[in-house]
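Read the numbers this way: they start at 1 and go in the same order the structure lists the ligands and their atoms.
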Amino acid sequence: MQKYMNLVNGKYVEPLTGKYFEDLNPADNTDIIGIFPRSGSDDIKNAVRSAKEAFPAWRDLPPPKRGDLIYKLGELLLKNQEKLAKIIVREMGKTLPESMGDIQSSADVAYFAAGEGRRMYGQTTYSAQFRKWAITKRVPVGVCGLITAWNAPMAIITWKLLPAVICGNTVVLKPSEDTPLTAHMFGELIKEAGFPDGVINIIYGMGPETGEALVKEKDVDLISFTGSTKVGRKISEECGRQMKKCSLELGGKNGLVVMDDADLNAAADAVARGAFSTAGQRCASTSRAFIHEEIYDDFLKLLIEETKKMKVGVGTDPNTKVCPIINKKQFTDIMGYIKGAKKDGATLLYGGNALTEGEFSKGYFIEPTIFENVDLYSKLAQEEIFGPVLAVFKINSLAEAIEKVNSVKYGLTASIFTSNMRNGLIAMEKFEVGCCYVNAPTFGSEPHMPFGGVKDSGNGQREPGTQSLDVFSEWKTIYLNYS
Ligand code: NAD
């Protein structure tokens, strides 16, 4: 059994707690991938000290030079793409193509962040006074604590960490306890790329122990968190108390509208993939579909045909479309939602079962599941399930569809399928979300574009895109008097 260690100041160190946890394969819970430190607040303190000591030299390194290291990291990510993707398949469970995409997205953001090192634009403008320059310049925030989710284990790390370091910050990363090996591999690559010791530190552990200690640590100047709204709210409260900068990328309850003038085949494909790929374990999964009454029956037939193609299986099987559920707790929660929906009177149209026999017996597998006749204000229709469960609703107008898409506390993504440009433009205006799509699934973000949500899906920040520089830097205004 391989034992992994924290990465502090460029060295692998044992946790001061002396405790470890197991990293399990969600497709086969007898496969223990390794054991990782169950770190405590003293481990966090050491890592934060290391990041703080590394900060002045990293801050003073010109951004293009920081960009050179990030570019090198991008090259290493691509050189090792398949090896890293196979680790994600084993550790997180998703399919090889999805995992390859995770690494591709990480490399893309590396190239993007490296390029920002040669831009990092501020403003130079006229002062109201004679012979005085007025200038703005981005400066780093300091030590950033980064806390990540497991569903896109490398992409989520890079989406926040690379914008943080290009801006001149040093970081302590607390990756998800469900995907620590991906984070360890990231640590190996940053060493190979030649990042100075202490710029990037990695501390493993549980959320309420290690994560909370990182948030509470006084010398951490900024927290960037990707995870559930419940935990995000807690983090936001603590950061508020400490006047710490805080960026939250949280949950979603994404809706997709199919109008009567839509390309129904394309829409059915988008709903099935949006709801069931990665077993619905995406913040941007389609969990509600609003179908125009004129095409409701025809569309459902197509949707069920598409859903039948979504084979449940292990991520290593090239035919798999619906991967395992990450862990037992998540599996139990999803099955609870399915049971609750039946109890609340929703009609089960497809699936609804856990798969436990044969190849499924060692992991956590759930069939793609579709409900209709769902109460708009039931738990199934309002709460993030983070599993392969879709609720479909009949609507009779665009206005009704938009009102229903907006009826949840979340506001991450939404989509509309229509051949009428006016419908598309009105939906783009009225959807209360951070990212919207016309004739495309509810997921699909690009690293040079901002991603994030409104309402309970975030706190107004955006990572990555150029907008992530606003998260990870402060503006300094400079007046230069030469009168
Ligand atoms: P989670 O909130 O349970 O955990 C996320 C991270 O926070 C983990 O590293 C965990 O260890 C840590 N954590 C847990 N409790 C903590 C605490 N009290 N203090 C500090 N850290 C703590 O979420 P998850 O199950 O890992 O991920 C799924 C969630 O992430 C979903 O809600 C999903 O929508 C969301 N997500 C959002 C985005 C986005 O960009 N908006 C992307 C991916 C996932």
Ligand 1 versus Gln330: contacting region, heavy-atom distance under 4.0 Å = neither

In this structure, atom 39 (C) of ligand 1 is nearest to the protein heavy atom Cys283 SG, 3.5 Å

For atom 23 (O) of ligand 1, which protein heavy atom lies nearest, and how many Å away is it?
-> Ser228 N, 3.5 Å

Would you find more than 12 non-hydrogen atoms of other residues, nucleotides or ligands less than 6.0 Å from Met243 atom CE?
-> no

Mind telling me whether Phe36 and His184 have parallel, tilted or perpendicular rings, with 30° and 60° as the class edges?
-> perpendicular

Decide if atom NZ of Lys455 counts as having more than 12 heavy atoms of other residues, nucleotides or ligands within a radius under 6.0 Å.
-> yes

Within the side chain of Asn254, is there an N or O that forms a donor-acceptor pair under 3.5 Å with the backbone of Ser287?
-> no

Between Phe386 and Trp150, does the ring centre distance come in under 6.0 Å?
-> yes

NZ of Lys311: more than 12 outside heavy atoms within 6.0 angstrom?
-> yes

Close approach, Trp159 and ligand 1, non-hydrogen under 4.0 angstrom | no

Could you check which of Leu250, Asp333, Leu248, Leu146 puts a non-hydrogen atom nearest to atom 37 (C) of ligand 1?
-> Leu250

Distance from atom 7 (O) of ligand 1 to nearest protein heavy atom, with residue and atom | Phe225 CE1, 3.1 Å

Check the pair Lys216, Glu212 against salt bridge (Lys or Arg N to Asp or Glu O under 4.0 Å), reporting the backbone distance first and the verdict last.
-> CA-CA 6 Å; Lys216 287 196 170 143; Glu212 213 167 296; 3.3 Å; yes

Just which atoms of ligand 1 are under 4.0 Å from any heavy atom in Glu177?
-> 8 (C), 9 (O), 10 (C), 11 (O)

For ligand 1, find out whether one of its N or O atoms is nearer than 3.5 Å to an N or O atom of Thr229.
-> no

Given Glu212, Lys253, Met206, Glu209, which one has a non-hydrogen atom that is nearest to atom 18 (N) of ligand 1?
-> Glu212

Taking the minimum heavy-atom distance to atom 13 (N) of ligand 1, which of Ala284, Gly452, Ala213, Gly207 ranks first?
-> Gly207

For atom 28 (C) of ligand 1, which protein heavy atom lies nearest, and how many Å away is it?
-> Phe386 CE2, 3.6 Å

Under 4.0 Å from any heavy atom of Phe451, which atoms of ligand 1 are there?
-> 39 (C), 40 (O)

With heavy atoms only and a cut-off of under 4.0 Å, state how Glu384 meets ligand 1: side chain, backbone, both or neither.
-> side chain

Looking only at protein heavy atoms, identify the closest one to atom 35 (C) of ligand 1 and say how far it is in Å.
-> Gly227 O, 3.2 Å

Please state which protein non-hydrogen atom is closest to atom 8 (C) of ligand 1 and give its distance, to 0.1 Å?
-> Thr148 O, 3.3 Å

Would you verify whether the NZ or CZ of Lys191 falls within 45 degrees of the ring axis of Tyr12 while also being under 6.0 Å from that six-membered ring's centre?
-> yes

Would you kindly check if the NZ (Lys) or CZ (Arg) of Arg38 is within the cone defined by 45 degrees around the ring axis of Tyr20 and under 6.0 Å from the six-membered ring centre?
-> no

Parallel, tilted or perpendicular: rings of Phe331 and Tyr364 (30°, 60°) | tilted

For atom 11 (O) of ligand 1, is the nearest protein heavy atom under 4.0 Å away?
-> yes

Judging by distance only, is a nitrogen or oxygen of Ser457 under 3.5 angstrom from one on ligand 1?
-> no

Note: ligand 1 atoms sitting under 4.0 Å from heavy atoms of Ile156 are 43 (C)

Do any nitrogen or oxygen atoms of Thr226 lie less than 3.5 angstrom from nitrogen or oxygen atoms of ligand 1?
-> no

For the rings on Tyr204 and Tyr4, is their centre-to-centre separation under 6.0 Å?
-> no

Kindly determine whether Lys362 and Asp31 satisfy salt bridge (Lys or Arg N to Asp or Glu O under 4.0 Å), including the steps that lead there.
-> CA-CA 9 Å; Lys362 291 183 188 162; Asp31 175 21; over 6 Å; no

Can you tell me if CD on Glu188 sees more than 12 non-hydrogen neighbours from other groups inside 6.0 Å?
-> yes

Let me see the working for Glu116 and Arg119 under salt bridge (Lys or Arg N to Asp or Glu O under 4.0 Å), right down to the final yes or no.
-> CA-CA 5 Å; Glu116 281 304 318; Arg119 283 183 288 270; 3.1 Å; yes

Going by the order shown, which atoms of ligand 1 are within less than 4.0 Å of some heavy atom of Gly211?
-> 19 (N), 20 (C), 21 (N)

What protein heavy atom sits nearest atom 26 (O) of ligand 1, and how far off is it?
-> Trp150 CD1, 3.1 Å

Among Pro208, Gly453, Ala149, the residue with a heavy atom nearest to atom 27 (O) of ligand 1 is Ala149

Please could you name the atoms of ligand 1 that Ser176 approaches to less than 4.0 Å, counting only its heavy atoms?
-> 9 (O)

Quick one: look up the protein heavy atom nearest atom 44 (C) of ligand 1 and list residue, atom name and how far away it is.
-> Asn151 OD1, 3.4 Å

